[in-house]
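Here's the structure we're looking at; comments come further down.
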Amino acid sequence: MSKIEYVQADGARIGYRDDGDGPALVLVHGTGGDGEANWGEVLRGLPGRRILRPDYAGSGLTEDATERLTLDRLADQVLAATDHAGVEAFDLAGFSLGAAVALRIAARHPARVRRLVSLGGFVTGGDPRSRLQFDHWIDLVARDREALARLILLTGFSADFVAGMGDLDAVVAQMVEVTHWEGMARQAMLDKIVDVSADLAAIRAPTLVLGNRHDQMVPPSASVALAAGIAGARLDWIDGPHLSPMECPEAVAAALAGFLGAAG
């Protein structure tokens, strides 16, 4: 079972999970998720490491009532967790919005990030299609959370994976019950204004950009753009949907392990 720790920083109570021993790896979750939901199955394929999974504002273990989130605030919360854990330098992987957080950290704190992985990330959420999606999520959080749960299933996972979930009404009901909807809406508001274009040239860590070939939430072209903007970045693909850490965690873990190696 994960060790759960908390740290107070800038008016927030930040929670994180701490597992294993070895070279440190920090995993940053995406919009509407948390460190357990997005990364819980992936870490099983990453033995021999100390893995930190911080939850940032709006998710999981962390309590932060800040209404308008910023990328810097989320990045600072991840760093507060690593500081509290006594970890100075680490490998870093971020998923979706968490990829933007990880990119910001790598750009602004190059001495702390040994190697960097972006999974399902994007340069900006301000393009028309992305804004349409995030505005739709925000609207459905306020009006119809059951409809949003269905939409997430239909666009986040592959058709075959959803078909194999069993009682989908029960799955939707559980999602409605456990999701931190207000936090997801605040994160989606941030998604709309994310822009890491100025960060990319400042990244010095060896970087792997992982796109999801069948992504219906973040277009695969977004990963191509990220890799093109980071000097020396390697571009590779997961043969899965946006929520690949949850649908095909073994493939995600294998890609991370292959790039990061076993030692720091």
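- At least one side-chain heavy atom of L256 sits under 4.5 Å from a side-chain heavy atom of V117.
- Clustering of Ile, Leu, Val, Met, Phe, Trp and Tyr by side-chain heavy atoms under 4.5 Å joins M189 with I138.
- Salt-bridge formation is detected for the pair E146/R150: a Lys NZ or Arg NE/NH1/NH2 atom is positioned less than 4.0 Å from an Asp or Glu carboxylate oxygen.
- Of the possible donor and acceptor atoms, one in the side chain of W39 sits under 3.5 Å from a partner among the backbone N and O of V28.
- Classified by interplanar angle (parallel below 30°, tilted 30° to 60°, perpendicular above 60°), the ring pair F122/F134 is tilted.
- Salt-bridge check for D19 with R17: failed, with every basic side-chain N at 4.0 Å or more from each acidic carboxylate O.
- D195 and S197 form a side-chain donor-acceptor contact under 3.5 Å, judged by distance and modelled atom types alone.
- Counting heavy atoms from C-beta on, the side chains of R53 and V42 never come closer than 4.5 Å.
- Residues S158 and D160 have side chains that never bring a donor and an acceptor to within less than 3.5 angstrom of each other.
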Practice item. Would you please test F161 and M246 for side-chain contact (heavy atoms from CB on, under 4.5 Å) and show each step? Key: CA-CA 10 Å; F161 188 78; M246 302 163 76; 6.0 Å; no
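- Residues meeting the salt bridge (Lys or Arg N to Asp or Glu O under 4.0 Å) test with R44, sequence neighbours left out: E41.
- Residues satisfying the salt bridge (Lys or Arg N to Asp or Glu O under 4.0 Å) criterion with R50, sequence neighbours excluded, are D18.
- The shortest heavy-atom contact between L190 and L71 is CD1-N, 3.7 Å.
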**Study point:** Intermediate values then yes/no, side chain to side chain donor-acceptor pair (under 3.5 Å), T66 and D64
**Key:** CA-CA 6 Å; T66 301; D64 182 355; 2.6 Å; yes
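- The two atoms that bring H242 and P245 nearest to each other are O-CD, 3.9 Å, heavy atoms only.
- The side-chain contact (heavy atoms from CB on, under 4.5 Å) test with N212 is passed by exactly one of L243, I238, V218: I238.
- Here the side chain of H29 pairs a donor or acceptor atom with the backbone of Y56 at under 3.5 angstrom.
- Side-chain N or O atoms of T155 include none that pairs as donor or acceptor with a backbone N or O of M217 at under 3.5 Å.
- Across every non-hydrogen atom of P110 and R108, the tightest pair is CD-C, 3.4 Å.
- Between R112 and D83, at least one side-chain N (NZ, or NE/NH1/NH2) sits under 4.0 Å from a carboxylate O, which counts as a salt bridge.
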Exercise for review: For the pair L226 and L103, evaluate side-chain contact (heavy atoms from CB on, under 4.5 Å) and give the outcome as yes or no after the intermediate values.
Suggested key: CA-CA 10 Å; L226 278 174; L103 291 162; 3.7 Å; yes
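- The closest donor-acceptor contact from the side chain of Q77 to the backbone of I14 lies at 3.5 Å or more, if one exists at all.
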